[in-house]
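Single-structure report; data block below.
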Amino acid sequence: FRRVLFRSMKVQRRARSVGFDWDEPDQVIRVLKDEIEELVTAGQDNDAVADELGDVLFTAINLARHLGVDPEVALRSTVDKFIRRFKTMEQGFTNQSCDIQDASPAELERAWQSAKLEPR
């Protein structure tokens, strides 16, 4: 993943060097929203979904560049945050002598929202 992430950033910098880029992050956000809408409308066509999801990821990486954020660092941080919160959820169910696999979607959502309130 790291190689393709680096390649994406390199291609985007090259496009920027010849003036093929947006000026403001807000412009990239609008494009990202459009790409997400195209993903939604891709329906059940796996090839179209993969293509549109690629566009979403590429545009998100471009947004990171515009915001001065390292996308790999941001993603790693989010994965770590998800792991912490998910472990908190699991521990909550264990403390209640419940199996998380038996929880309803509503119970899982409540546990997730509660885990989000936990300090780091």
Side-chain angles (χ1 to χ4, degrees):
F1 186 75
R2 177 181 269 175
R3 266 193 357 220
V4 74
L5 185 66
F6 178 75
R7 183 173 181 223
S8 175
M9 292 168 60
K10 183 177 176 181
V11 166
Q12 292 169 5
R13 282 192 302 269
R14 170 74 174 114
R16 173 96 175 150
S17 75
V18 299
F20 187 66
D21 198 6
W22 296 280
D23 294 323
E24 300 294 328
D26 287 349
Q27 295 169 306
V28 185
I29 290 170
R30 281 195 300 276
V31 172
L32 181 58
K33 288 177 180 178
D34 291 343
E35 295 297 351
I36 291 169
E37 184 57 36
E38 290 175 17
L39 174 61
V40 169
T41 61
Q44 301 298 316
D45 180 344
N46 287 342
D47 291 337
V49 168
D51 185 57
E52 296 303 339
L53 184 56
D55 290 348
V56 168
L57 294 170
F58 186 82
T59 305
I61 292 165
N62 204 357
L63 178 59
R65 180 178 58 83
H66 276 267
L67 296 173
V69 172
D70 182 324
E72 184 179 358
V73 171
L75 182 57
R76 185 179 295 118
S77 175
T78 293
V79 169
D80 291 344
K81 178 174 55 178
F82 180 88
I83 290 168
R84 276 193 319 274
R85 289 174 175 175
F86 193 77
K87 284 182 179 180
T88 298
M89 282 178 58
E90 288 178 313
Q91 189 61 51
F93 281 98
T94 298
N95 290 347
Q96 296 174 18
S97 300
C98 298
D99 188 340
I100 192 171
Q101 294 177 341
D102 296 332
S104 70
E107 290 169 324
L108 291 170
E109 181 60 26
R110 278 193 301 275
W112 179 253
Q113 293 303 323
S114 177
K116 287 173 60 175
L117 298 174
E118 292 288 320
R120 288 187 161 225

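What you are looking at is a predicted structure, and each value in this text was computed from that prediction instead of being measured.
- Taking 4.5 Å as the limit, every side-chain heavy atom of Cys98 sits out of range of all side-chain heavy atoms of Glu107.
- For the residue pair Arg85 and Ala115, the shortest heavy atom distance occurs at O-CB, 3.5 Å.
- Note that the CG atom of Asp34 and the CD1 atom of Ile29 stand 12.0 Å from one another [nearest 0.5 Å].
- With hydrogens and angles disregarded, a donor-acceptor distance shorter than 3.5 Å links the side chain of Thr88 to the backbone of Arg84.
- The shortest distance between side-chain heavy atoms of Val31 and Glu35 falls below 4.5 Å.
- Proximity of Arg2 to Glu72: side-chain heavy atoms (C-beta onward) are separated by under 4.5 Å at one or more points.
- A salt bridge does not link Lys33 with Glu37: every distance from a Lys NZ or Arg NE/NH1/NH2 to an Asp or Glu carboxylate oxygen is 4.0 Å or more.
- A side-chain donor-acceptor contact under 3.5 Å links Thr41 to the backbone of Glu38.
- Across Val49 and Gly43, no two heavy atoms sit closer than the pair CG2-O, 3.3 Å.
- In plain terms, the two heavy atoms of Glu90 and Ile100 that are nearest each other are CG-CD1, 4.0 Å.
- Residues Leu32 and Leu67 share a single hydrophobic cluster, defined by chaining ILVMFWY side chains whose heavy atoms lie under 4.5 Å apart.
- With a 6.0 Å radius and a threshold of 12 heavy atoms from other residues, nucleotides or ligands, Arg13 has its CZ atom above the threshold.
- Contact of the Gln113 side chain with the Leu117 side chain is not registered, since no non-hydrogen atoms from C-beta on lie closer than 4.5 Å.
- The hydrophobic cluster containing Ile83 does not contain Val73, counting ILVMFWY residues as joined when their side-chain heavy atoms lie under 4.5 angstrom apart, directly or transitively.
- Side-chain contact check for Asp51 versus Asp47: every heavy-atom pair is 4.5 Å or farther apart.
- Residues Val4 and Phe6 fall into different hydrophobic clusters, defined by Ile, Leu, Val, Met, Phe, Trp and Tyr side chains chained together at heavy-atom separations under 4.5 Å.
- Between Asn62 and Asp21, the closest side-chain pair of non-hydrogen atoms falls below 4.5 Å.
- With respect to Trp112, the ring-ring contact (aromatic ring centres under 6.0 Å, His included) criterion is satisfied by exactly one of Phe82, Phe93, Phe86: Phe82.
- A donor atom on one side chain and an acceptor atom on the other are not found under 3.5 Å apart for Ser114 and Glu118.
- Looking at every heavy atom in both residues, Ala42 comes nearest to Glu52 through CB-CG, 4.2 Å.
- Pairing each heavy atom of Leu39 with each of Leu53, the nearest pair is CD1-N, 3.8 Å.
- Proximity of a side-chain donor or acceptor of Gln12 to a complementary backbone N or O of Phe58 within less than 3.5 Å is detected.
- Of all non-hydrogen atoms in Pro25 and His66, the two that sit nearest each other are CG-O, 4.0 Å.
- Judged purely by atom type and a 3.5 angstrom limit, Thr78 uses its side chain to pair as donor or acceptor with the backbone of Ala74.
- Each of Val28 and Leu5 belongs to its own hydrophobic cluster when Ile, Leu, Val, Met, Phe, Trp and Tyr are linked at side-chain heavy-atom distances under 4.5 angstrom.
- Linking ILVMFWY residues whenever their side-chain heavy atoms come closer than 4.5 Å, directly or via other members, leaves Leu57 and Met9 in distinct clusters.
- For Arg16 (side chain) and Trp22 (main-chain N/O), a donor-acceptor pair under 3.5 Å exists by modelled atom type.
- Two residues are said to be in side-chain contact when any heavy atoms from C-beta on lie closer than 4.5 Å; Lys10 and Arg7 fail this criterion.
- Within the model, atoms CG of Asp80 and CG of Leu75 stand 9.5 Å from one another, a figure rounded to the nearest 0.5 Å.
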